[in-house]
Each structure stands twice: as C-alpha cells, then as structure tokens.
Protein chains: 2
Amino acid sequence: MAEGQQKTGTTRIQARNREAILTAALEVFSTFGFRGSTLDQIADVAGLSKPNMLYYFGSKDAIHAELLAGLLDTWLDPLRALDPKGDPVAEIIAYVHRKLEISRLYPRESRLFANEILQGAPRIMSALEGELKALVDEKAAVLKLWADERRIAPLPPHHLIFSIWALTQHYADFDVQVRAVLGEGHDPFAEADAFLDTLFRKLLAP
Amino acid sequence: MAEGQQKTGTTRIQARNREAILTAALEVFSTFGFRGSTLDQIADVAGLSKPNMLYYFGSKDAIHAELLAGLLDTWLDPLRALDPKGDPVAEIIAYVHRKLEISRLYPRESRLFANEILQGAPRIMSALEGELKALVDEKAAVLKLWADERRIAPLPPHHLIFSIWALTQHYADFDVQVRAVLGEGHDPFAEADAFLDTLFRKLLAP
DNA sequence: TGCCGATTTGACCATCTGGTTGAAATTGCG
DNA sequence: CGCAATTTCAACCAGATGGTCAAATCGGCA
C-alpha cells in the first residue's frame with residue numbers, strides 16, 4: 001500500500017527495481033496488450049519474482065497506469081514545441097521529423113499507446129478529450145492562422161495534424177509489416193524521413 | 001474435427017451459426033485483442049452457449065484463424081484494382097478513396113488487422129512476406145513506371161503505398177482519438193475524404 | 001409417426017492468472 | 001556488531017478461462 005521512501009528513501013534498490021519493472025512492463029504490454037500480458041511474464045523479464053514485483057506496484061493495473069501516465073506527456077511534447085512565431089513550413093516539417101524520430105526511438109511506447117486507442121482508450125479517454133484536445137485545438141488555431149496568411153496551403157488544421165500522427169506512427173506501430181513488404185536492404189526510418197519531408201513540403205506549399 | 005456439410009449439408013443452421021459466431025468474434029477480437037477476448041464473451045454476443053460454439057469451431061484459435069484468413073483478401077482487393085492502364089493520378093486517388101471507404105465500412109476488420117500487426121503479426125507474417133509483398137512489389141513497379149514517365153511526381157513507390165495505408169487506416173484504428181480531438185459536430189470520414197483527396201493530388205502532381 | 005443423425009447444453013475439469021501471506025533473507029545504520 | 005526496517009520469495013488461494021463429455025433435444029424424412 002505505502003510507497004516506501006518515507007523520510008530517507010532507500011532509493012537505491014527501490015529506484016532500480018521500479019525502473020526494471022516499468023521497462024519490462026513496457027516491453028510486454030506493448031507487445032501483448034494489457035490483458036494479453038501476465039504478471040509472471042513481466043516479472044520474468046524484470047528479473048524479479050511476482051510477489052516481489054507486487055511489493056513495488058500493488059497491482060497489474062497500477063503498473064499499466066504508471067506507464068500510461070508518463071506516456072501522454074512524451075507524446076505531446078513534440079507538438080508543444082511547435083512555435084507560432086517560427087517559420088510555418090519549417091516548424092511543421094521540424095515537427096514531422098521530431099515525431100518520426102520518436103517513433104524510431106520509442107516504438108514500444110508508440111505501440112502501447114496504439115493498443116490503448118485501439119481498444120477504445122478506456123483508460124485515457126479523459127486525457128484525450130482534455131489535455132490532448134486542448135493542445136491540438138491551440139496548435140490548430142496557429143495552423144489556421146498561417147493558412148489564412150497564405151504562408152501555408154489552406155488545409156483543415158486538425159486533419160493536417162492527424163496526417164502527421166498517422167504517417168509517423170505507422171512506421172513504429174506497423175514496423176513488422178513495413179519491413180516484411182520492403183524486404184532486406186532497407187532502412188525504413190531513413191527512407192521515411194526523406195519521403196515525409198518531400199510529402200509535407202509539397203502539401204504545405206501555398 | 002469434421003466440418004459437417006458432408007453430402008447434403010444441413011446448411012441452414014450451420015451457415016447461420018457459423019456466421020453469427022464469426023460476426024461476434026470479429027466484434028470481440030477487434031476490441032479486446034486475441035488474449036483479451038474470452039470464449040464466453042464471444043458466445044454471449046453470438047447468442048450461443050460456449051460448448052455449442054465449440055461444436056462449430058474446435059477452438060478459440062480456429063475462430064481467430066478463420067477471421068484472419070478472410071481478412072487479407074478483403075485487405076488487398078482495393079490495391080489489386082489499381083489499373084496499370086488507367087490514368088495514374090485518377091487510379092491512385094481512386095485507390096485512396098476505396099481504402100478510406102473500407103476503413104469507414106469495416107473498422108472492426110481494420111482493428112483486428114492492426115492488433116495482429118501490433119503484436120508482431122505472429123499468425124500472418126508468412127502472408128505478409130508472400131502474398132502481400134508480391135502484390136505491393138507488383139503495384140510499386142507500376143507506380144515507378146508512372147514516375148519515370150513523369151506522369152506522377154517521383155516518389156519512393158513503396159512509401160507512397162505505406163502513406164495511403166497509414167492515412168486511411170488511421171481513421172478506422174484511431175477513430176476514438178480522432179473523434180475525441182475533433183469534438184462534436186464533425187463527420188471524420190467525410191472530412192478525411194476531402195482532405196486526403198487534396199493531399200494526394202498535391203503530392204502526386206509532377 | 002417414429003427414427004437417426006445433427007444440434008444443444010449442463011456439469012465438469014485442468015490450467016492459468018492476479019493477488020496474498022508469513023516468514024526468511026538482506027540491508028542500512030548507529 | 002546488532003538490530004530494525006526493507007526486501008525477497010515459496011507456498012498458497014480464489015476466480016477465470018479454454019476445453020471436454022455424456023446426455024438431452026431437435027428436425028427432416030421414410
């Protein structure tokens with residue numbers, strides 16, 4: 001129940017184990033989904049016994065919740081960085097590259113998120129309707145302004161953002177399909193980086 | 001073991017029940033994933049008892065396999081219809097609209113497929129590397145020819161196809177997120193239809 | 001109508017799974 | 001070193017889950 005770490009926390013072991021558990025859980029949850037994952041599986045990957053793991057996180061849900069909680073911020077940061085005062089095309093293109101880079105570096109996080117959304121976002125719906133919608137609306141307003149000023153092509157701002165999400169996350173979430181179709185001798189993310197650069201430059205040109 | 005329907009199959013009841021089971025299983029599997037779904041759940045949705053359901057399909061895996069088997073064809077048909085002798089831009093745009101229409105009409109199938117890919121495609125990897133890759137390579141060659149002839153912009157054909165998949169499936173697989181962000185008073189698919197039309201026309205313009 | 005295979009089901013089973021417990025091992029610290 | 005707090009885990013538990021089976025019911029046809 002208690003989290004430990006009252007007064008002088010035995011931070012050494014606690015930090016290491018909590019980290020190991022979350023890393024293992026991310027690996028397992030992102031591959032098999034919440035219900036498809038078992039505590040034994042996670043404990044095994046984390047190198048702990050199941051009771052020991054439950055000593056740090058009280059339940060399977062608690063582990064999953066902790067992962068999801070950290071996720072949305074990581075997810076939104078690249079969009080937050082989109083600067084209304086910057087050059088429109090450059091800002092948007094930079095956002096595309098940042099998002100693709102995140103797909104490349106954190107595919108497990110991407111798949112965890114995808115799993116959650118696919119199942120109807122039961123645990124983060126409120127965050128979608130709140131935090132996410134607010135940020136997107138704010139940035140969409142910026143995009144609309146840029147469009148009105150003829151600095152980018154006139155496009156529905158929300159769908160422009162969706163297209164960035166769809167195209168970048170596809171390379172993380174559908175990685176196995178991309179690789180299966182491309183076959184050997186390809187670097188999917190490098191190729192995607194160039195392709196998406198071209199795509200959005202053509203799309204945004206006024 | 002036997003499929004029934006030897007000689008004069010009692011096709012009436014068999015057909016109805018198999019259909020009910022597959023429909024229910026699609027609904028449940030696409031929402032909760034394979035391991036996240038239970039036979040009781042599926043049987044309940046199908047309006048049958050669990051043993052009765054297992055009378056028609058020997059196991060949970062058998063039901064899932066049957067669904068996946070039918071899926072790939074439905075998935076590839078729109079791409080097959082891309083005509084090398086047609087007008088390049090018109091053919092590709094038509095493909096985009098067909099694919100989006102399928103996302104709209106068959107979101108459950110889309111999510112079932114997405115679930116499978118997300119988990120590493122353990123059950124359809126061979127189909128991806130075989131049937132799917134073959135078809136994509138064939139159509140990619142057509143796209144490359146069109147590009148070489150300057151009838152469309154020069155773009156990496158495989159990634160062009162990926163972009164169509166990513167953008168259309170996004171509206172099915174991430175439907176709840178799209179709706180959460182857009183809020184009330186939107187018709188996501190209608191807006192997507194117009195947006196993707198614009199996007200690909202600009203992208204493909206030589 | 002009565003027969004026979006097709007269909008349906010209640011009861012049951014072995015295994016898996018999330019979670020608990022109590023006691024032992026380890027650790028940090030005065 | 002000694003000891004209290006922290007950490008670890010073998011053994012266990014209750015409920016869920018995939019699957020089985022024998023018996024009951026149904027449906028069409030001779």
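Numbers restart at 1 for each chain; the letters A, B, ... are given by sequence-line order, proteins then strands.
DNA chain C is contacted by Arg35(B) of residues 34-43 of chain B, taking any non-hydrogen atom closer than 4.0 Å. Listed by residue number, the members of residues 57-68 of chain A with any heavy atom below 4.0 angstrom from DNA chain C are Ser59(A), Lys60(A).
For Tyr95(B), the side chain to side chain donor-acceptor pair (under 3.5 Å) criterion is met by Trp165(B), not counting sequence neighbours. Considering only residues two or more places apart in sequence or on other chains, Asp44(B) meets the side chain to side chain donor-acceptor pair (under 3.5 Å) condition with none of them. For His158(A), the side chain to side chain donor-acceptor pair (under 3.5 Å) partners are Asp137(A), not counting sequence neighbours. For Thr198(A), the side chain to side chain contact (heavy atoms under 4.5 Å, CB included) partners at least two apart in sequence or on another chain are Lys202(A), Leu155(B). For Lys144(B), the salt bridge (Lys or Arg N to Asp or Glu O under 4.0 Å) partners two or more places apart in sequence, or in a different chain, are Asp148(B). Looking at residues two or more places apart in sequence or on another chain, you find no side chain to side chain donor-acceptor pair (under 3.5 Å) involving Lys50(A).
Between Pro188(A) and Phe162(B), every side-chain heavy-atom pair lies at or beyond the 4.5 Å cut-off.
Counting only residues at least two apart or on different chains, the ring pair (Phe, Tyr, Trp, His ring centres under 6.0 Å) pairs with a member in residues 62-90 of chain B are Phe29(B)-His64(B), Phe34(B)-His64(B), Trp75(B)-Phe113(B). Residue pairs meeting the salt bridge (Lys or Arg N to Asp or Glu O under 4.0 Å) criterion with at least one partner in residues 68-82 of chain A, sequence neighbours excluded, are Asp73(A)-Arg80(A), Asp77(A)-Arg80(A), Arg80(A)-Glu131(A). Among residue pairs with one or both ends in residues 179-192 of chain A, those qualifying as salt bridge (Lys or Arg N to Asp or Glu O under 4.0 Å) are Asp175(A)-Arg179(A); sequence neighbours excluded.
Distance CG (Asp44(B)) to C1' (dT17(D)): 15 Å, rounded to an integer number of Å. Here the C1' atom of nucleotide dT20(C) and the CE atom of Met53(A) are 14 Å apart, to the nearest Å.
Between Gln14(B) and dA6(C), a side-chain N or O to OP1/OP2 separation shorter than 4.0 Å is absent.
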Check: protein-nucleotides 8-12 of chain D nitrogen or oxygen pairs below 3.5 Å:
unit_1 : atom_1 : unit_2   : atom_2 : d
dT8(D) : OP1    : Asn17(A) : ND2    : 3.4
dT8(D) : OP2    : Asn17(A) : ND2    : 2.9
dT8(D) : OP2    : Asn52(A) : OD1    : 3.1
dT8(D) : OP2    : Asn52(A) : ND2    : 3.0
dT8(D) : OP2    : Tyr56(A) : OH     : 2.8
dT8(D) : O5'    : Asn52(A) : OD1    : 3.0
dC9(D) : OP2    : Ser49(A) : OG     : 3.2

